[in-house]
*Asks:* 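Handing you this structure, nothing more for now.
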Amino acid sequence: MATAITPDLIESHQLTREEYDRIVSILGREPTYTELGIFSVMWSEHCSYKSSRLHLKKLPTRSRLVLQGPGENAGVIDIGGGYGIAFKIESHNHPSFIEPFQGAATGVGGILRDVFTMGARPIAVMDALRFGPLQDPGAGARNVRILEGVVSGIAHYGNCFGVPTVGGETMFEASYSGNPLINVFALGIVKHEEVFFGKAEGVGNPVLYVGAKTGRDGIHGASMASAEFTEAAMEKRPNVQVGDPFMEKLLLEACLEAMQTGAIAGIQDMGAAGLTSSSCEMASRAGTGIELDLDHVPQRESGMTAYEMMLSESQERMLLVARAGREHEVAAVFKKWGLDAVAIGRVTASGRLTVRHRGQVVADIPADALARQAPLYDRPHNVKPYRTAPLEGPSFRSTDLRRDLETLLASDDLCSKRWIWEQYDYMVRTNTVAGPGTDAAVLRIKETGTALAMALDGNGRYSYLSPREGARLIVAECCRNLSATGALPVATTNNLNFGNPERPEIMAQLVESIEGMAEACAFFEVPITGGNVSLYNETLGEAIFPTPVVGIVGLMNAPRPATVDFKEPGHAVILLGGLGRCDDAQFGGTQYAKHVLKSLWGLPPALDMEYEKRVQAAIREIVAEGLAASSHDVGDGGLAVALLESSFGKGIGAQVVLDSGLRPEFLLFHEGPSRILVSTPQPARIQSIAVRHGVEAPRIGDTILGKVEIRNRQTPLMDCGVLEMKQLWESGLEKLLGSSSKL
Amino acid sequence: MRVGVVVFPGSNCDHDAWFAVSRNLGHTAGFIWHDSDRLGGVDAVILPGGFSYGDYLRCGAIARFSPVMQAVRKFADDGGQVLGICNGFQVLVESHILPGALLRNAGLKFICREVRLRVETAASPFTHAAEKGRILRLPIAHGEGCYYADNRTLDELEAADRVAFRYLDNPNGSARDIAGILNQGRNVLGMMPHPERAADPLMGSTDGLVILQSMVSAYAVR
């Protein structure tokens, strides 16, 4: 029973007329219905990166530490001692809007598989989350539900799987109200010689299916993630997959153990576009072909068609290629873990993906046509990036700086996220030396005696005001977060969250972000080893703020990071990098502008990359010398917020005297980069290191018990008790969640 | 001492327990697979944290029927030391080796944080190296750690000095702040907090070592 390929059917598969014609010319005939489905998912934006690929090439991808760059399931870098780490970030934005709990849970599951597919045992997860405002009169209640669902979904999956969720960031903007962002980063450790690849090598080798059975869930998930949301979005709930973290845990242990047998030639997770993408990508990478017989695919439901099986995105499945004659060794390991390993095909020399079902060939397509040779678009972008914010802001004068600080500390963006991260097991595997709520997570590496630091950063406000500057700033900030702990940043994974690339002003945001990121990653020597692009983040024609997110990892010789908290009274407080600069325009993207002035204007803070690099080199040396009692990046909310954040841990504040011509609001709250707040019993030694690096390091005060006092020259600016402020900061999120659920 | 760490398919603190015993404590540790009906001559057993068989039903409800638990029960009946941590505690109550039940946390959320415990008795192989009243800082990480038993059972536990630890700031709604209990023979301890996560200075607390060290010296003088 052949389904006729009509123009409506082609359109409903989100293929253009030109793309369809190309399919016909590749095949030399009309596609079957199954083939149409296969092309539609493989050529979707989500799988093919057809709008972004051209520009992603601008990103630096090499260094002497990079063992595997972009193009595999995850990048791998060398951490010494014969070990590497595999890591990547990936989005699950669209599913998490439709079904927050399962959307987020399966987002965690997907990225974990990407990591252990490489042969690496996952040892850390982080999440970059963006939601609409919780107190919004219209969408607040829904935003609360989405946040609660997403957090419990991440907790459910990660906690059960047994990987610690060690950090991340959560921010709020109205533009994420109809389109939350859920970007999940995972990292695993692997011996150099035990890295596995997603390659279907060895003609005649059997192709094995392992893990959960295939159902009808998630069909067309990849296409869904490649279109804007309309009001009919909720009808797409069946497109969201359901996660089973216990199955994933079994799959992890079985895969890692089976890899040890030497009987596995290649392996790939069945993620987006499931069986289709795993098979044709593995064949394409190896220059081979794959033949599948769907009759052998383990099925959860009866009567599934070839189309449904090829497009299903059922979770917790892997495709692996075993060495011929050694299948039983692989099967024995899977059996031990209570899992089946079923031969469903073999590797061929044809270069084609050939699919049989009930004795018929239902698809026969050159593997390269689906993977490497997917359409590539140079979408128009020769316009100014989209923005409506003015260049000039309102005139303002604070009447109560302390109340402004209280507003910031209690705000959704800056308040403590303890309510979120306490739901995550951030300690399992006993490696977490510095966990959530710090500048960067730090994990000891038991295998080598060294340590890793990692952090995520993104700033939609900056990127909206200037995509190029915004991208440069987040790379600088993420590196600074790592350097502040003492780690040397070495490699990056990126998640590019944007709106509809078919709109030139959105495409311009994407292109400028990539170019800015490329420049900064090259400058700070943190090449991109992989990542994810998520486009069409729009609801009802309203795009999100352009939100590139970077995840950067850093190396430390020993697990002895500097931490955020002031340790004892009587230490000198030094602002490494100095007080910084700010003008009216550069204040418009700050948290102060947002939460106190309810406004957004101007430009992001100005970044001098040369200076930034010197500041970071200086702090790393200071930490390595053991001179920093505490070290904390001055970021969102500026100096005043950073001072309080360093005070909360032990109730030790600071008495600060500044000497600046900046107006008080700027002085306390501007977000100029290249600044790190350090406390120390040995200020002179720190200052001499700073001089050597050509970096300002004014001693701005001393730590004292229980209070933060700030003066500029003779003028008192701030005087507050640490405990009162901490109360506001700690309870901020719960108050917002509570008040809104009652709406 | 040779410590056997039981591995259910969904155990995920098994390696942490192994690391604490072998690296932090310097004793011998090995793994015992869940479908084994023998413990291989170990001197003590740890039932580690995790999600034994996924625990989509009640935590530990399926583990109770596993071959290894029949062996653990016999080992316990013969007076062997058994320490159940977190999921291990849940498995012990489901197996009726310890009384009561572990319900969802009062706040209905998973909680991961360091808590303070008070040692309620030093008269056990798990606590004798600590004095009664000593405060320990140990992490918890669970969604179902609210200890429940009827009043009679609770009274009995208290009367027989079988409450090993109480929370100072009860995080999960546990009856009478109970964080860990002993069996009648005092050779089985079930506790929700994780001593194996507090066995290394890098992890912020080494208070868990006192429990592991107690086990070692109790075994030595047995």
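So that the names make sense, note that chain A is the first sequence line, chain B the second, and so on, each numbered from 1.
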*Asks:* Tell me, side chain or backbone of A:T430 under 4.5 Å from chain B's heavy atoms, or both, or neither?
*Replies:*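 For A:T430, backbone and side chain are both near chain B.
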
*Asks:* Quick one: which of B:G50, B:P9, B:G49 has the most heavy-atom pairs under 4.5 Å with chain A, could you say?
*Replies:* B:P9

*Asks:* For residues A:D565 and A:S630, is any side-chain donor paired with an opposing acceptor at under 3.5 Å?
*Replies:* no

*Asks:* Within the distance-only criterion (no hydrogens, no angle test), does the side chain of B:K132 pair as donor or acceptor with the backbone N or O of B:A122 below 3.5 angstrom?
*Replies:* no

*Asks:* Highest number of heavy-atom pairs under 4.5 Å with chain B: which of A:V163, A:V433, A:N159?
*Replies:*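 Of the candidates given, the most pairs with chain B belong to A:N159.
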
*Asks:* Sort by residue number and list every member of residues 242-249 of chain A having a non-hydrogen atom under 4.5 Å from chain B.
*Replies:*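 Within residues 242-249 of chain A, near chain B: A:D244, A:P245, A:F246, A:K249.
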
*Asks:* Hey, what's the ring geometry for B:H34 with B:Y53, parallel, tilted or perpendicular (30° and 60° as the breaks)?
*Replies:* perpendicular

*Asks:* Kindly indicate whether the side chain of A:I154, heavy atoms from C-beta on, has any atom under 4.5 Å from the side chain of A:L129.
*Replies:*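 Side chain of A:I154 against side chain of A:L129, heavy atoms only: contact under 4.5 Å found.
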
*Asks:* Identify which part of A:K446 has an atom lying under 4.5 Å from any heavy atom of chain B, answering side chain, backbone, both or neither.
*Replies:* side chain

*Asks:* Tell me, out of A:E253, A:R444, A:R418, who's got the most heavy-atom pairs with chain B below 4.5 Å.
*Replies:* A:R444

*Asks:* Going by heavy atoms in the side chains, are A:Q260 and A:V333 under 4.5 Å from each other?
*Replies:*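 A side-chain contact is absent here, since even the closest heavy-atom pair is not under 4.5 Å.
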
*Asks:* Just to verify, what does B:R166 make a salt bridge (charged side-chain N to carboxylate O under 4.0 Å, His left out) with, not counting sequence neighbours?
*Replies:* B:E120, B:E158

*Asks:* Just by distance, do the side chain of B:S174 and the backbone of B:Y147 share a donor-acceptor pair under 3.5 Å?
*Replies:*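 At least one qualifying donor-acceptor pair exists.
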
*Asks:* State whether the side chain of A:T432 and the backbone N or O of A:L443 hold a donor-acceptor pair below 3.5 Å, judged by distance alone.
*Replies:*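 No, the answer is negative, given that no donor and acceptor are paired below the 3.5 Å cut-off.
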
*Asks:* What residues of residues 198-211 of chain B sit under 4.5 Å from chain A when only non-hydrogen atoms are counted?
*Replies:*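 The residues closer than 4.5 Å to chain A, in numerical order, are B:D200, B:L202, B:M203.
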
*Asks:* Could you check whether any side-chain N or O of A:T438 sits under 3.5 Å from a backbone N or O of A:A440, counting only pairs where one atom can act as donor and the other as acceptor?
*Replies:*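 Yes; at least one donor-acceptor contact below 3.5 Å.
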
*Asks:* Can you say whether A:R429 sits under 4.5 Å from chain B via the side chain, the backbone, both, or neither, judging by heavy atoms?
*Replies:* both

*Asks:* Is it true that B:W33 and A:W337 have ring centroids separated by less than 6.0 Å?
*Replies:*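 Between A:W337 and B:W33, which both carry aromatic rings, the centre distance is below 6.0 Å.
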
*Asks:* Which of the residues A:A434, A:A155, A:P559, A:G435 is involved in the greatest number of heavy-atom pairs with chain B at under 4.5 angstrom?
*Replies:* A:P559

*Asks:* Does the pair B:D177/B:R118 count as a salt bridge with the N-to-O cut at 4.0 Å?
*Replies:*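 Salt bridge between B:D177 and B:R118, a charged N being under 4.0 Å from a carboxylate O: no.
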
*Asks:* Counting distance only, does the side-chain N/O of B:N187 pair as donor-acceptor with the main-chain N or O of B:A76 below 3.5 Å?
*Replies:* yes

*Asks:* Which atoms of A:Y426 come close to chain B, meaning under 4.5 Å heavy atom to heavy atom: side chain ones, backbone ones, both, or neither?
*Replies:*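 Answer is both: backbone and side chain atoms of A:Y426 are under 4.5 Å from chain B.
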
*Asks:* What residues, two or more places apart in sequence or in another chain, satisfy salt bridge (charged side-chain N to carboxylate O under 4.0 Å, His left out) together with B:R113?
*Replies:* A:E422

